[in-house]
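Some notes on the structure that comes next.
These numbers come from the heavy atoms of this one structure, side chains and all, not from hydrogens, waters or symmetry mates. Remember, it's 1-based here, ligands and their atoms both numbered in the order they're listed. Predicted model only: the values in this text are computed from it and were never measured.
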Amino acid sequence: MACNHNCNDCNEKCEERDLKEKPHHMSSVKKIIGIVSGKGGVGKSLVTGLFATKLQEKGYQTGILDADITGPSIPKMFGIKEKAQGTDEGLLPNVSKTGIKIMSSNLLLKDETDPVVWRGPVIAGLVKQFWTDVIWQDIDFLFVDMPPGTGDVPLTVFQSIGVDGIIIVTSPQELVGMIVEKAVKMASMMHIDVLGIVENMSYVECPDCHKKINVFGDSKVDEIAKKYQLKVLAKLPIDPTLATLCDQGKIEDHHVHYMDEACEQLENLPVHVLNVAIPVCNSCVDEHFGKAEVFHVYQVVKGMVVGGIKVLMKEKGHEAVVASLKEHQVHVVLCNHIGAVASTLCEENGIQVISGKEGTALDVLYKYLGNFIEDDTSHVEHCGCDECDDCDCDECHDCDCHHE
Ligand code: ADP
């Protein structure tokens, strides 16, 4: 298969996949969006906060990974002062009043005014830990608030976290063309989609006559967006109420709908789900594929389990089993013993077979997600019998397979 640099819908083992850091095994995140800007102070954190707030308001579960380690402003915006807590399992994000999960360097410092005076690699290492050691449970949208520019941290995030795309935040007084071009080029080098541009501080609206005034001159953002074939997702005014709410830690009390269309674009982003099936008997991998009565089908996104269903086999035998797995859009099956015919039938139906798996279904699943692929066909039995999977005939019993 030709590489499209999207590891989410591919099981191949390759260098690019190896660079991605494994998320915490209890994390489940469907979409990850990086928010970037050319320089500080253009409102990147505010836009991050607004996206998370608006989508949470719409009923999604959102989170913010504050990768702006030296200039973290997310906790303050949400009025979060408590330090982050940990368990034996991992680090827990703090939760805002509407349920947004947040992890930031400020939640780990003794005093939030303590400066972070660490060198680049240490900072980049902490950002990685925010991904690998934090339990991001049941998240529909995780926003990564990047530090400004195209330095060490954005590089680390793009390389090690499966970001679905980035949004560029600019303000009219920025050198928009150059900033956008740099971000677009970096994203393209890292094979990451640019989802669009948000122009912040685009205008002010007169409270009396509602006339829009372009304080920083006419906006160039539409022209630039056209040049790079990007969408302008939103144009936000300078809004003193918003600034006050942010200062008071009450961004979630802001109910103006500047971002509705931009949020819709994010809702429409596709999620690449890998369906992984395991034949299960008493929580363990069933000994034989064709005789299993129950399969667990797990939905995996970016190497994380985001859901699962139990599928009862109405009929036994490999043909019925494969038909049922196909109906449930299974991509990979992890099993113990499987006959050569059943294995071929799976492959013909686009289902990858990884056999020789023993132990509890969850252990097998998590090991698979840890290694992602392990080509082990040693347990595919070649007994020469076409019906080997589901037949009780003497021929099968005499063969070298594991039927009872
Ligand atoms: P960045 O993350 O790009 O460094 P911030 O999001 O922290 O920038 O914003 C810098 C300051 O400007 C904050 O105090 C924020 O409240 C304020 N601000 C940003 N955008 C707006 C806006 N549209 N209206 C009013 N104040 C804003």
Distance-only, no hydrogens or angles: does the [X] side chain make a donor-acceptor pair with backbone N or O of [Y] under 3.5 Å?
X	Y	answer
K76	D247	yes
K211	V204	no
H24	M26	yes

Name the residues in contact with ligand 1, where contact means a heavy atom under 4.0 Å away: which are they? G40, G41, V42, G43, K44, S45, L46, S73, N200, M201, P237, I238, D239, A243, C246
With a cut-off of 6.0 Å (strictly less than), are more than 12 heavy atoms of other residues, nucleotides or ligands near CD of E205? yes
If you count the non-hydrogen atoms of other residues, nucleotides and ligands that lie under 6.0 Å from NZ in K58, is the total more than 12? yes
Donor-acceptor list for residues 220-229 side chains, cut-off 3.5 Å, not counting sequence neighbours:
| unit_1 | atom_1 | unit_2 | atom_2 | d |
| --- | --- | --- | --- | --- |
| D222 | OD2 | K235 | NZ | 2.8 |
| Y228 | OH | E181 | OE1 | 2.9 |

